[in-house]
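Here the structure comes first, spelled out in structure tokens, and everything after it is commentary.
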Amino acid sequence: MLRQGIIERYGEYLPCVPEGAGIISLSEGSTPLLRAHNIESRIHPRIELWLKYEGLNPSGSFKDRGMTVAVTLAVREGHKAVMCASTGNTSASAAAYAARAGIECVVLIPKGRIAKGKLAQSMIHGARVLQIDGNFDMALELTRSITNNHAIALVNSINPHRLEGQKTGAFEIADDFGGVAPDFHVLPVGNAGNITAYWMGYKEYKEAGKSKNLPRMLGFQAAGAAPIVLGKPVDDPQTFATAIRIGNPASWQKALDARDESNGVIGMVTDRQIKRAYRTLAAAEGVFVEPASAAGIAGLFKLAQSGFFDNVEQFHGDKIRVVAVLTGHGLKDPGNAVEASEEAISVEATEDAILDAMQLYHPSET
Ligand code: F0G
């Protein structure tokens, strides 16, 4: 069967897309939900951990869910161009969907702070890639102002259509569990669109009678870029997880609402903690994500160590069910993967040298 895109699959919950709209899709969504047996036991004995692997979307990140809606509607409204500011993934997704739609795409990015894979995507899809000596927050402000004054559709997550599409991730999770939301939903927080969209999705699905309960939302920022945790904007945000290097999130208040309405937590994790979770996901579960995507898992380890899960109640079954959204694919950022790993070993092109270097067994033992 052909894989449906999210507008086809969940159109009845997307009233912003009118009947008969020409849908611009790359068959996004319907991503796997993987049980993480190897990691869950290391976090807490009571936890059942599931990974929502959003890196398997067409452009390699969760942004495609919102982009199919935003670009479909931009085209329908007669726009010939879309524009976004980005730490890399939004631009890659916008470039792909604009190419699919046959319209122009302009992306504004912080120079030198975009992972290689993401930059390559925007370029090969034919977007006009503009880089500024400045951070994401400045790029977003400029993009807002330009799209306000020109006939170009803004496709950052302050465009409400983006959040409409992204909320479908919550629907898929509840559907996969047979109409039950997890006890906890964990994700990284940058510009705070995704936590806003997931919370909206869970609430809508419950109101529609498709899900019995609501999760508690757990969001994590990088310690060097944690304005929501610190309660004030960060002028010069820093983290190796460049996707969430954001000092003044656009959906700040909505993220606080999601936290408070769900009795959740927004915390922060250091680059060291993110790096450890990044390697553990790849080495212990075979799931390769980009650094920002590991921030949620790092946060789970941290919360568990503080005793957070010792006394919480679960809605369903014997264990505390946790879903972690892994927002982007590891191949987006090959530079950080190489840096975080052991170096490749150069060997002479002989069997002896290779077997020696393998350190598994020696020819004399065979
Ligand atoms: N994870 C990844 C891989 C991201 O690319 C982003 C955001 C986030 C998490 C945070 O999501 O902003 O909704 O809180 N990336 C944006 C971009 C900012 O431009 O690609 P958020």
Side-chain angles (χ1 to χ4, degrees), residues 52-57 59-67 70 83-96 107-110 113-115 117-119 121-122 127 129 131 135-140 143 154-159 162-163 165-167 169 185-201 217-222 225-228 237 239-252 254-256 258-259 266 269 274 277-278 281 288-299 324-333 336:
K52 180 70 171 159
Y53 196 9
E54 288 286 280
L56 293 192
N57 273 297
S59 84
S61 86
F62 72 98
K63 307 284 180 181
D64 295 343
R65 291 182 186 275
M67 208 53 76
M83 181 171 182
C84 63
S86 185
T87 57
N89 281 324
T90 299
S91 51
S93 183
V107 309
L108 196 58
I109 56 176
R113 302 291 188 163
I114 302 292
K118 303 176 189 179
L119 190 59
Q121 287 178 286
S122 295
V129 179
Q131 25 189 10
N135 59 33
F136 169 84
D137 305 288
M138 293 163 72
L140 182 57
T143 302
L154 172 81
V155 293
N156 280 104
S157 59
I158 44 179
N159 175 338
R162 278 276 314 281
L163 300 187
Q166 278 172 219
K167 76 185 179 188
H185 179 99
V186 57
L187 77 180
V189 174
N191 213 24
N194 213 25
I195 190 169
T196 302
Y198 267 101
W199 181 236
M200 193 165 91
M217 304 297 287
L218 305 177
F220 289 94
Q221 303 197 289
I228 298 178
T239 167
F240 90 116
T242 51
I244 51 172
R245 190 170 165 270
I246 293 174
N248 192 8
S251 299
W252 189 323
K254 288 183 184 143
L256 291 177
R259 179 194 69 185
I266 295 182
V269 281
I274 297 174
Y278 172 57
L281 275 164
F288 185 24
V289 301
E290 64 168 288
S293 305
I297 301 295
V325 179
L326 304 179
T327 47
H329 200 286
L331 289 172
K332 294 267 189 182
D333 192 349
N336 269 316

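Keep in mind that what you see is a predicted model, and the values were worked out from it rather than measured. As the structure lists them, so they are numbered: ligands from 1, and atoms in each ligand from 1.
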Protein heavy-atom partner closest to [atom] - residue, atom, separation in Å:
atom: atom 13 (O) of ligand 1; result: Asn194 N, 2.8 Å
atom: atom 1 (N) of ligand 1; result: Thr327 OG1, 2.7 Å
atom: atom 20 (O) of ligand 1; result: Thr90 N, 2.8 Å
atom: atom 8 (C) of ligand 1; result: Ile244 CG2, 3.7 Å
atom: atom 4 (C) of ligand 1; result: Ala243 CB, 3.5 Å
atom: atom 5 (O) of ligand 1; result: Asn89 ND2, 2.8 Å
atom: atom 7 (C) of ligand 1; result: Lys63 NZ, 2.9 Å
atom: atom 18 (C) of ligand 1; result: Thr87 OG1, 3.4 Å

Any Ala192 heavy atom less than 4.0 Å to ligand 1: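 It does, in that a heavy atom of Ala192 comes within the 4.0 Å cut-off of ligand 1.
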
Sub-4.0 Å heavy-atom contact, Ser61 with ligand 1: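 False for this residue.
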
How long is the straight-line distance from [atom2] of [Y] back to [atom1] of [X], given to the nearest 0.5 Å?
X: Leu119; Y: Ser91; atom1: CG; atom2: OG; value: 8.0 Å
X: Thr87; Y: Leu140; atom1: OG1; atom2: CG; value: 10.5 Å
X: Ile246; Y: Thr239; atom1: CD1; atom2: OG1; value: 11.0 Å
X: Ile158; Y: Asn191; atom1: CD1; atom2: CG; value: 7.5 Å
X: Lys332; Y: Asn89; atom1: NZ; atom2: CG; value: 4.0 Å
X: Gln166; Y: Phe62; atom1: CD; atom2: CZ; value: 5.0 Å

Side chain to side chain contact (heavy atoms under 4.5 Å, CB included) between Gln221 and Ile244, intermediate numbers included: CA-CA 7 Å; Gln221 303 197 289; Ile244 51 172; 5.9 Å; no

Within reach of ligand 1, part of Ile246 (heavy-atom separation under 4.0 Å):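 It is the side chain that gets close, since no backbone atom is under 4.0 Å.
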
For the 3.5 Å polar cut-off, considering only N or O atoms, please tell me whether [X] and ligand 1 meet it.
X: Gly190; value: yes
X: Ala292; value: no
X: Ser86; value: yes

Test item: Tyr53 and Val289 side chains (from C-beta on) under 4.5 Å apart, heavy atoms: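 Side chain of Tyr53 against side chain of Val289, heavy atoms only: contact under 4.5 Å found.
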
Side chain to side chain contact (heavy atoms under 4.5 Å, CB included) between Arg113 and Gln131, intermediate numbers included: CA-CA 10 Å; Arg113 302 291 188 163; Gln131 25 189 10; over 6 Å; no

Closest candidate by heavy atom, reference atom 11 (O) of ligand 1, pool Phe136, Phe62, Tyr198: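 The residue whose heavy atom sits nearest atom 11 (O) of ligand 1 is Phe62.
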
Tyr198 and His185 aromatic ring geometry - parallel, tilted or perpendicular at 30°/60° bounds: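 Taking Tyr198 first and then His185, their aromatic rings sit tilted (interplane angle of 30° to 60°).
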
